[in-house]
A.B. asks: 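The structure is given below, and queries will be raised subsequently.
Worth saying up front: this structure is predicted, and the values here are computed from it rather than measured.
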Amino acid sequence: MPSQQQTLEGFSPETVDLAREQSANLDKLQTLETKTPTQRRLIDQLRTDLQQFERSAIRTANSLEQQGDWHGAEQVLTGAARILPASEALLTARQQLAERRRLREARVRMELEIHRGEQLLKDTETYRRLRQLKGPGVLTWLELKNFQRKRRASAESLQEHAELAMTRQDYSLAQHALTIAKGLYGDDLQQDEDQREQLARNLARANQALRQHKRKTTIASQKKDSRTQTAEKKDLQIPIANLEKALAAGDLINARNQLAHIQEMSPQHPQLPSLQKQFQTQLNSRVETAIKRGNDLYSQGNIERALHVWHDARVLDPNNLELQSNIARAEKVLQNLRALSTP
């Protein structure tokens with residue numbers, strides 16, 4: 001059974017042992033003053049294999065981090081660094097993980113303090129309503145003093161958390177914390193001018209940063225939309241050219257397919273209404289001509305040819321009610337004629 005030192009989450013004991021052995025072999029080969037061509041090739045191969053192990057370790061740690069297993073991610077990088085102590089990539093990955101973990105912990109602790117502050121605000125409102133119902137004696141002097149102390153301590157803690165959040169540019173959370181802190185201070189701010197001004201400055205700073213962020217986000221979104229529209233126009237140049245060619249040739253089936261593709265790719269394309277109108281005009285003209293031609297043939301007693309003309313038109317406009325009615329009538333007449341001619 002492998003020892004604790006030989007295990008590494010996400011890797012088999014054999015893979016860990018092989019990486020350790022390859023690392024030791026590489027160290028030995030690199031100490032040689034002169035190296036044969038074979039040894040140089042072996043060094044290159046060992047480096048490639050160990051770099052692959054290194055990348056696998058970082059990917060595994062990132063995956064564990066995404067799952068919320070920060071300790072597991074740290075253990076993987078630490079274990080891999082023991083095997084490859086000279087790896088700058090692993091050192092950087094460990095430092096970055098530690099920084100992300102520190103920031104995440106700060107945010108979680110702040111969220112916990114916000115939760116406590118919100119609960120104290122609810123308690124404050126509940127006590128206020130009780131005093132309205134039963135008078136000022138709902139809490140004893142000592143209970144009231146302890147509650148006020150808790151409320152002020154929570155407000156001060158939220159202010160500290162908010163200032164730290166602003167240093168890491170987490171302005172939304174800072175604004176939330178400061179708003180709760182303001183509510184917790186309540187009337188105390190009227191007697192504490194310094195606290196009131198500091199709180200107002202921090203709130204103004206957070207609000208301004210959020211407005212700037214919103215403005216930048218809007219501009220970036222507009223630029224992205226513009227780039228997307230430009231790309232869509234470029235991607236649709238060929239389908240539009242094919243559609244125009246199909247319309248010029250009277251190939252309405254191909255034109256319909258190209259039009260559907262353009263509509264699916266870019267429903268708001270500026271040329272779409274004009275192209276749709278051109279297609280519909282040609283379609284209406286073609287179908288009206290076919291209906292008239294079929295009616296003429298039908299009147300002349302050439303029912304089968306009339307039916308053929310109407311069938312071709314129905315391929316172009318399957319929902320045309322006049323075509324459907326004419327076809328049904330002609331097919332019924334042909335059916336009756338065949339029945340009469342049958343001995």
Side-chain angles (χ1 to χ4, degrees), residues 62 64-74 95-222:
N62 288 340
L64 290 169
E65 179 185 340
Q66 291 298 318
Q67 298 168 31
D69 188 358
W70 295 84
H71 179 70
E74 181 186 21
Q95 291 171 341
Q96 291 173 344
L97 174 66
E99 178 61 14
R100 290 194 299 272
R101 191 176 187 180
R102 183 187 68 80
L103 293 175
R104 180 60 181 162
E105 181 181 357
R107 184 179 177 87
V108 169
R109 289 186 181 279
M110 184 174 180
E111 289 171 346
L112 180 61
E113 192 60 50
I114 285 173
H115 175 73
R116 290 172 180 155
E118 288 173 334
Q119 187 58 52
L120 282 170
L121 272 181
K122 290 178 183 177
D123 291 345
T124 301
E125 177 60 21
T126 300
Y127 289 141
R128 185 187 68 78
R129 291 199 302 269
L130 280 173
R131 281 198 301 272
Q132 289 175 340
L133 290 168
K134 303 190 68 174
V138 173
L139 294 177
T140 66
W141 176 85
L142 182 59
E143 288 173 334
L144 182 61
K145 186 174 181 180
N146 284 337
F147 179 71
Q148 289 174 340
R149 179 180 56 78
K150 284 183 183 179
R151 195 177 64 178
R152 186 172 184 87
S154 178
E156 290 171 352
S157 176
L158 284 170
Q159 263 195 284
E160 292 173 5
H161 278 292
E163 288 171 2
L164 291 173
M166 285 191 286
T167 62
R168 59 178 186 267
Q169 300 183 347
D170 194 349
Y171 295 107
S172 179
L173 201 63
Q175 181 197 50
H176 191 187
L178 290 169
T179 302
I180 294 171
K182 185 177 180 180
L184 289 171
Y185 279 126
D187 295 337
D188 292 352
L189 288 176
Q190 302 302 322
Q191 286 79 41
D192 194 336
E193 185 177 351
D194 291 341
Q195 194 72 268
R196 184 173 69 250
E197 289 180 354
Q198 183 183 2
L199 186 62
R201 281 196 304 270
N202 287 339
L203 262 174
R205 180 183 165 196
N207 289 332
Q208 182 182 11
L210 285 173
R211 285 193 297 270
Q212 290 175 347
H213 176 72
K214 184 177 180 180
R215 195 179 309 115
K216 288 178 181 178
T217 302
T218 302
I219 293 171
S221 177
Q222 290 172 346

A.B. asks: OH of Tyr171 to CZ of Arg205: how many Å apart, nearest 0.5 Å?
C.D. replies: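 If I round to the nearest 0.5 Å, the distance is 5.0 Å.
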A.B. asks: Does any N or O in the side chain of Thr124 come within less than 3.5 Å of the main-chain N or O of Leu120, such that one atom is a donor and the other an acceptor?
C.D. replies: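 Confirmed, Thr124 side chain pairs with Leu120 backbone.
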A.B. asks: For the CD atom of Glu118 and the OG atom of Ser154, what is their distance to the nearest 0.5 Å?
C.D. replies: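 Spacing of CD (Glu118) from OG (Ser154) equals 10.0 Å.
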A.B. asks: Please report the closest heavy-atom contact between Ser172 and Leu210, naming both atoms and the distance.
C.D. replies: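 Closest approach of Ser172 to Leu210, heavy atoms only: N-CD2, 3.7 Å.
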A.B. asks: Can you tell me how far apart CZ (Arg168) and CZ (Arg107) are? Round to the nearest 0.5 Å.
C.D. replies: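 Going from CZ on Arg168 over to CZ on Arg107, the span is 7.5 Å.
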A.B. asks: Could you pull out the closest heavy-atom pair between Ala177 and Ala162, with the gap in Å?
C.D. replies: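 Reported closest heavy-atom pair: CB-CB, 4.2 Å.
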A.B. asks: I'd like to check the side chain to side chain donor-acceptor pair (under 3.5 Å) partners of Asn146; sequence neighbours left out, ordered by chain and number.
C.D. replies: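 Per chain and number, Asn146 pairs via side chain to side chain donor-acceptor pair (under 3.5 Å) with no residue.
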A.B. asks: What pair of heavy atoms forms the shortest contact from Gln175 to Leu203, and how long is it?
C.D. replies: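 Gln175 and Leu203 have their closest heavy atoms at O-CD2, 4.1 Å.
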A.B. asks: What I want to find out is whether Lys122 reaches Glu125 closely enough, with some N-O distance under 4.0 Å, to be called a salt bridge.
C.D. replies: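 Salt bridge: no.
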A.B. asks: Any non-hydrogen side-chain atom of Gln119 less than 4.5 Å from a side-chain atom of Leu121?
C.D. replies: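 Not in contact.
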A.B. asks: Going by distance alone, is a donor N or O of one side chain under 3.5 Å from an acceptor N or O of the other, for Tyr185 and Gln159?
C.D. replies: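 Yes, Gln159 and Tyr185 have a side-chain donor paired with an acceptor closer than 3.5 Å.
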A.B. asks: Determine whether a donor-acceptor pair (N or O, by modelled atom type, separation under 3.5 Å) exists between the side chain of Asp192 and the backbone of Asp188.
C.D. replies: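 Not confirmed, Asp192 side chain does not pair with Asp188 backbone.
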A.B. asks: Do Met110 and Asp170 make a side-chain contact, defined as non-hydrogen atoms from C-beta onward lying under 4.5 Å apart?
C.D. replies: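 Result no, sub-4.5 Å side-chain heavy-atom pair not found.
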A.B. asks: Identify whether the distance between the nearest side-chain nitrogen and carboxylate oxygen of Arg109 and Glu105 falls below 4.0 Å.
C.D. replies: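 So Arg109 pairs with Glu105 through a salt bridge.
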A.B. asks: Could you measure the distance from the CH2 atom of Trp70 to the CD atom of Glu65? Nearest 0.5 Å is fine.
C.D. replies: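 Interatomic distance, Trp70 CH2 to Glu65 CD, rounded to 0.5 Å: 4.0 Å.
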A.B. asks: Of all heavy-atom pairs between Ile180 and Gly117, which one has the smallest distance, and what is that distance?
C.D. replies: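 Nearest pair, atom of Ile180 first, then Gly117: CG2-C, 3.8 Å.
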A.B. asks: Quick check on side-chain contact (heavy atoms from CB on, under 4.5 Å): which of Leu178, Thr179, Leu184 does Leu158 satisfy it with?
C.D. replies: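 Only match with Leu158 under side-chain contact (heavy atoms from CB on, under 4.5 Å): Leu184.
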A.B. asks: With a 4.5 Å limit on heavy-atom distance, are the side chains of Gln195 and Arg152 in contact?
C.D. replies: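 With C-beta onward as the side chain, the pair touches.
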A.B. asks: Does the side chain of Gln198 reach to within under 4.5 Å of the side chain of Glu163, using non-hydrogen atoms?
C.D. replies: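 They are in contact (side-chain heavy atoms under 4.5 Å apart), so the answer is yes.
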A.B. asks: If we ignore hydrogens and angles and just use 3.5 Å, is the side chain of Thr167 paired with the main-chain N or O of Leu164 as donor and acceptor?
C.D. replies: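 Yes; judged by distance alone, with no hydrogens or angles, the pair exists.
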A.B. asks: Find out whether His176 and Glu111 are in side-chain contact, i.e. whether some heavy atom of one side chain is under 4.5 Å from a heavy atom of the other.
C.D. replies: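 No; the side chains remain at least 4.5 Å from each other.
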A.B. asks: Would you kindly say whether Asn62 and Gln66 are connected by a side-chain donor-acceptor distance under 3.5 Å?
C.D. replies: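 No, Gln66 and Asn62 have no side-chain donor paired with an acceptor closer than 3.5 Å.
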A.B. asks: Let me confirm one number: the OH-CD distance from Tyr127 to Glu143, rounded to the nearest 0.5 Å.
C.D. replies: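 Output value for this atom pair is 7.5 Å.
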A.B. asks: Rounded to the nearest 0.5 Å, what separation is found between the NE2 atom of His71 and the CG atom of Asp69?
C.D. replies: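 If I round to the nearest 0.5 Å, the distance is 7.5 Å.
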